[in-house]
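To keep things clear, I will list the structure first and then write my remarks on it.
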Amino acid sequence: MGFIIAVDGPAASGKGTIANVLAKDFGFPFLDTGLLYRAVGVRLLADHQDLDDGAAAEACARGLELSALERPEVRTRAAGEAASRVAVHAGVRAALLDLQKSFAAHEPGAVLDGRDIGTVITPHAQAKLFVTAAPEVRAERRWRQLNGQGEAVTYEEILADIRKRDERDSGRHSAPLAKAEDAVLLDTSEKTIDAAIDAARRIVEAARAKAGI
Ligand code: DC
């Protein structure tokens with residue numbers, strides 16, 4: 001089995017940045033699993049389908065083409081909200097399971113980030129990080145990012161989005177956002193990006209040493 005690095009956490013916690021750097025460090029492929037749910041949400045919105053219709057959302061997830069993950073629309077605020085709504089459907093999650101599991105099986109290793117990687121997708125991952133930060137800090141980061149992409153949105157709107165998303169992602173029945181018992185908590189609220197990355201590297205190095213690598 002390859003060495004799997006599972007990085008979970010709420011929206012805009014910094015988990016994507018951290019996961020990306022770890023993947024480059026180790027030369028492992030990286031899957032941002034949020035993009036899968038975002039692509040399903042974007043597709044349904046484009047087809048004027050109801051995001052709360054579990055059967056339609058599942059059919060869409062089953063037909064998902066990986067090229068859809070590359071489209072700029074999946075990175076918008078609307079896509080994040082749509083993703084969180086389609087992600088509550090157990091059928092959608094089941095449809096995306098095999099793809100994520102086979103990605104995780106890459107040799108000599110893989111990095112995945114999301115909400116349920118350490119708990120559901122790869123509970124056997126050798127390195128698990130749960131990256132979090134205070135909602136206000138995450139809202140500030142996401143606001144800067146979306147503004148940089150040209151989206152006109154206020155900090156207050158983003159903070160409200162983040163709170164709503166946290167509640168939906170953590171409160172859903174199917175594979176809710178949760179820290180795996182054996183995941184290491186990394187709170188980035190008061191850390192610079194570089195300090196957060198250093199802390200993440202240390203967590204993974206410790207896990208590699210434990211795995212005898
Ligand atoms: O990480 P992100 O913001 O791109 O994720 C968008 C939404 O997708 C998130 O609010 C919930 C859902 N998601 C999920 O349910 N499980 C994952 N592994 C990844 C994302």
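All residue numbers in this chain count up from 1 along the given sequence. All heavy atoms count here, side chains included; hydrogens, waters and symmetry mates do not.
At a threshold of 4.5 Å between non-hydrogen side-chain atoms, the residues I158 and I162 count as touching. Between F3 and P108 the shortest side-chain heavy-atom distance does not fall below 4.5 Å. The shortest distance between side-chain heavy atoms of R93 and E58 does not fall below 4.5 Å. Side-chain contact between R138 and P10: present, with at least one pair of heavy atoms (C-beta onward) separated by less than 4.5 Å. In this structure, L44 and V86 have side chains that are in contact, with non-hydrogen atoms separated by less than 4.5 Å. Under the 4.5 Å side-chain criterion, counting only non-hydrogen atoms from C-beta, K24 is not in contact with F30. Side-chain contact between E140 and L159 is absent, with no heavy-atom pair separated by less than 4.5 Å.
Although no hydrogens or angles enter the test, the distance criterion places no donor-acceptor pair under 3.5 Å between the side chain of H89 and the main chain of S174. Side chain of E157 to backbone of T154: a donor-acceptor contact under 3.5 angstrom is found. Formation of a donor-acceptor pair under 3.5 Å by the E151 side chain with backbone atoms of R77 is found in this model. The backbone N or O of D113 sits less than 3.5 Å from a side-chain atom of T33, completing a donor-acceptor pair. Of the possible polar contacts, one joining the W143 side chain to the V153 backbone as a donor-acceptor pair under 3.5 Å is found. Panel note: side chain T188, backbone T132; a donor-acceptor pair is recorded below 3.5 Å. Using a distance-only test at 3.5 Å, with no hydrogens or angles considered, no donor-acceptor pair links the side chain of K164 to the main chain of R168. Of the possible donor and acceptor atoms, none in the side chain of R115 sits under 3.5 Å from a partner among the backbone N and O of D169. Under a 3.5 Å cut-off, the side chain of S170 and the backbone N or O of E167 do not form any donor-acceptor pair. Remark: the backbone N or O of G34 is paired with a side-chain donor or acceptor of D32 at under 3.5 angstrom.
Following chains of ILVMFWY side-chain contacts shorter than 4.5 Å, one can reach V42 starting from L66, so the two form part of one hydrophobic cluster. Hydrophobic clustering (ILVMFWY, side-chain heavy atoms < 4.5 Å, transitive): I117 and F28 are in distinct clusters. Cluster annotation: F103 is not connected to L129 through the hydrophobic network of ILVMFWY side chains, with a link wherever side-chain heavy atoms come within less than 4.5 Å.
For residues 6-18, the set of pairs meeting the side chain to side chain donor-acceptor pair (under 3.5 Å) definition, not counting sequence neighbours, is empty.
Around the CD1 atom of I193, the shell of radius 6.0 Å holds no more than 12 heavy atoms that belong to other residues, nucleotides or ligands. When the shell of 6.0 Å around CZ of R62 is examined, it contains more than 12 heavy atoms from other residues, nucleotides or ligands. Environment of CZ in R75: sparse, with no more than 12 heavy atoms of neighbouring residues, nucleotides or ligands closer than 6.0 Å. For E190, the CD atom sits in a loose shell: 12 or fewer heavy atoms of surrounding residues, nucleotides or ligands are nearer than 6.0 Å. No more than 12 heavy atoms of other residues, nucleotides or ligands shown are found within 6.0 angstrom of NE2 on H173.
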Take R43 and D47 through the salt bridge (charged side-chain N to carboxylate O under 4.0 Å, His left out) test and state the conclusion after the steps.
CA-CA 6 Å; R43 178 83 246 170; D47 292 347; 3.0 Å; yes
Checking S189 against D187 for the side-chain hydrogen bond (donor to acceptor under 3.5 Å, both in side chains) test, could you report, in this order, the C-alpha distance in whole Å, the side-chain angles of both residues, the deciding distance, and whether it holds?
CA-CA 6 Å; S189 300; D187 188 329; 2.7 Å; yes
Are D98 and K101 close enough, and set up right, to give a salt bridge (charged side-chain N to carboxylate O under 4.0 Å, His left out), and what steps lead you there?
CA-CA 5 Å; D98 284 351; K101 282 186 188 274; over 6 Å; no
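E136 pairs by the salt bridge (charged side-chain N to carboxylate O under 4.0 Å, His left out) definition with R163, not counting sequence neighbours.
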